[in-house]
Amino acid sequence: MNTMSQDHGTAVVDPPRQNGRAAIRLQGVEKIHRTDRIETVALNQVHLEVQDGEFLSVMGPSGSGKSTLLNVIGLLDRPTKGKVELGGQNVGSLSDRELAIKRNREIGFVFQTFHLIQDLNVVDNVEIPLLYRQLPAGKRRGMAQEALERVGLSARTSHFPSQLSGGQRQRVAIARAIVGRPDILLADEPTGNLDSQMGDEIIAILEDLNRSGTTVVMVTHDQRLASKTARIVRLFDGRQVE
């Protein structure tokens, strides 16, 4: 788990982990969606290993299984077949409650459409994942402010989403994703609704988080942004093609 300490009021981030451990391992993963009339194979025999502290991009055409892959890695969806390991733990036998706890403590999510609550100000939006941890209010507020400072929005804590630009709203979404100090950050088209300059700023934040030790898996259609990551995995019709 990533940790941050305070040294004379300055946030100190743990150095990247370099222990060679796989943060994510998928073995023979399949995901099949079934209805009364049709069966759709969303993922087909995916074998994927992401090392601790790696920054990986996932690319492919629409419908290739990219978002399904993130949902399986992020414990939002169970595979139909195959094995998923996070941090060396096989999650297949975990109950729904155990999966929810692991997801809340170890995984952060960033989406294309921000998913901010319009009636809550910035700092309250960022605090949301911490509500499930039964932390004291002061502790939650401090962690939220720390996360906002990390994405350059410490001066916007009392603003509401409608008062922010698209890039600023995505920064809030990233702060919310990292407020619990997750080991893994999953980003699904995080720059899809932004212009190229704002997109570059968001990627710079993800790169900084990765340098601090967070494992990042990003779905993107943008080859230019994907080229900034350490590795690119491509999907086609649910299969990993490279």
Drop me the distance from [X]'s [atom1] to [Y]'s [atom2], to the nearest 0.5 angstrom.
| X | Y | atom1 | atom2 | value |
| --- | --- | --- | --- | --- |
| Gln27 | Gln45 | CD | CD | 11.0 Å |
| Met198 | Gln170 | CE | CD | 11.5 Å |
| Glu189 | Thr113 | CD | OG1 | 11.0 Å |
| Arg141 | Glu146 | CZ | CD | 14.0 Å |
| Arg224 | Thr191 | CZ | OG1 | 8.5 Å |
| Lys83 | Asn90 | NZ | CG | 5.5 Å |

Testing the basics here: between [X] and [Y], what is the closest heavy-atom pair and its distance to 0.1 Å?
| X | Y | value |
| --- | --- | --- |
| Pro182 | Ala177 | CG-O, 3.4 Å |
| Asn104 | Pro129 | ND2-O, 2.9 Å |
| Ala226 | Ser57 | CA-OG, 3.5 Å |
| Ser64 | Leu235 | CB-O, 3.5 Å |
| His221 | Pro61 | NE2-C, 4.4 Å |
| Lys228 | Asp200 | CE-OD1, 4.1 Å |

Show the atom names and distances, to 0.1 Å, of all donor-acceptor pairs under 3.5 Å that link a side chain in residues 67-74 to residues at least two apart or in another chain.
residue	atom	partner	partner atom	Å
Ser67	OG	Asp188	OD2	2.9

Are [X] and [Y] side-chain neighbours, meaning at least one heavy-atom pair lies under 4.5 Å?
| X | Y | answer |
| --- | --- | --- |
| Leu148 | Val126 | yes |
| Met143 | Lys139 | yes |
| Ile203 | Leu206 | yes |
| Val110 | Met218 | no |
| Arg156 | Gln163 | no |
| Arg150 | Asp208 | yes |
| Val179 | Glu127 | no |
| Val84 | Ile24 | no |

Going through the checks in order, is the side chain to side chain contact (heavy atoms under 4.5 Å, CB included) test met by Ile32 and Asn44? CA-CA 8 Å; Ile32 301 173; Asn44 191 349; over 6 Å; no

Would you check, one step at a time, whether the test side chain to side chain contact (heavy atoms under 4.5 Å, CB included) holds for His33 with Asp77? CA-CA 11 Å; His33 299 292; Asp77 206 354; 4.2 Å; yes

Remaining members of hydrophobic cluster (4.5 Å side-chain criterion), Ile117: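 Its cluster mates, by chain and number, are Leu120, Ile128.
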
Using salt bridge (Lys or Arg N to Asp or Glu O under 4.0 Å) as the criterion, list what pairs up with [X], not counting sequence neighbours.
| X | answer |
| --- | --- |
| Glu207 | none |
| Asp222 | none |
| Asp96 | Arg78 |

Can you check side chain to side chain contact (heavy atoms under 4.5 Å, CB included) on Glu30 and Leu43, steps first, answer last? CA-CA 5 Å; Glu30 297 184 5; Leu43 294 175; 5.6 Å; no

Using only atom types and a distance under 3.5 Å, with no angle test, would you say the side chain of Arg231 pairs donor to acceptor with the backbone of Glu54?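 No, Arg231 side chain to Glu54 backbone: no donor-acceptor pair under 3.5 Å.
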
Test item: Arg176 side-chain N/O and Asn125 main-chain N/O as donor-acceptor pair under 3.5 Å: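 Side chain of Arg176 to backbone of Asn125: no pair is present.
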
When Val58 is tested against each of Val217, Thr229, Leu186 for side chain to side chain contact (heavy atoms under 4.5 Å, CB included), which residue passes?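 In the set Val217, Thr229, Leu186, the residue that makes a side chain to side chain contact (heavy atoms under 4.5 Å, CB included) with Val58 is Val217.
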
Heavy atoms of other groups near [X] [atom1], more than 12 under 6.0 Å:
| X | atom1 | result |
| --- | --- | --- |
| Glu39 | CD | yes |
| Asp195 | CG | yes |
| Gln223 | CD | yes |

Under the side chain to side chain contact (heavy atoms under 4.5 Å, CB included) criterion, do Leu75 and Leu94 qualify, and how do the steps go? CA-CA 10 Å; Leu75 311 182; Leu94 298 182; 5.7 Å; no

Could you name each residue pair satisfying ring pair (Phe, Tyr, Trp, His ring centres under 6.0 Å) that touches residues 114-161, not counting sequence neighbours?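 Every ring pair (Phe, Tyr, Trp, His ring centres under 6.0 Å) pair that includes a residue of residues 114-161, provided the two are not neighbours, is Phe111-His115.
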
Joint cluster assignment, Ile107 & Val219, ILVMFWY side-chain distance < 4.5 Å: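 Per the 4.5 Å side-chain linkage, Ile107 and Val219 are co-clustered.
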
For Arg25, run the side chain to side chain donor-acceptor pair (under 3.5 Å) check against Gln89, Glu49, Gln51 and tell me which one passes.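 That would be Glu49; it is the only one of Gln89, Glu49, Gln51 passing the side chain to side chain donor-acceptor pair (under 3.5 Å) with Arg25.
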
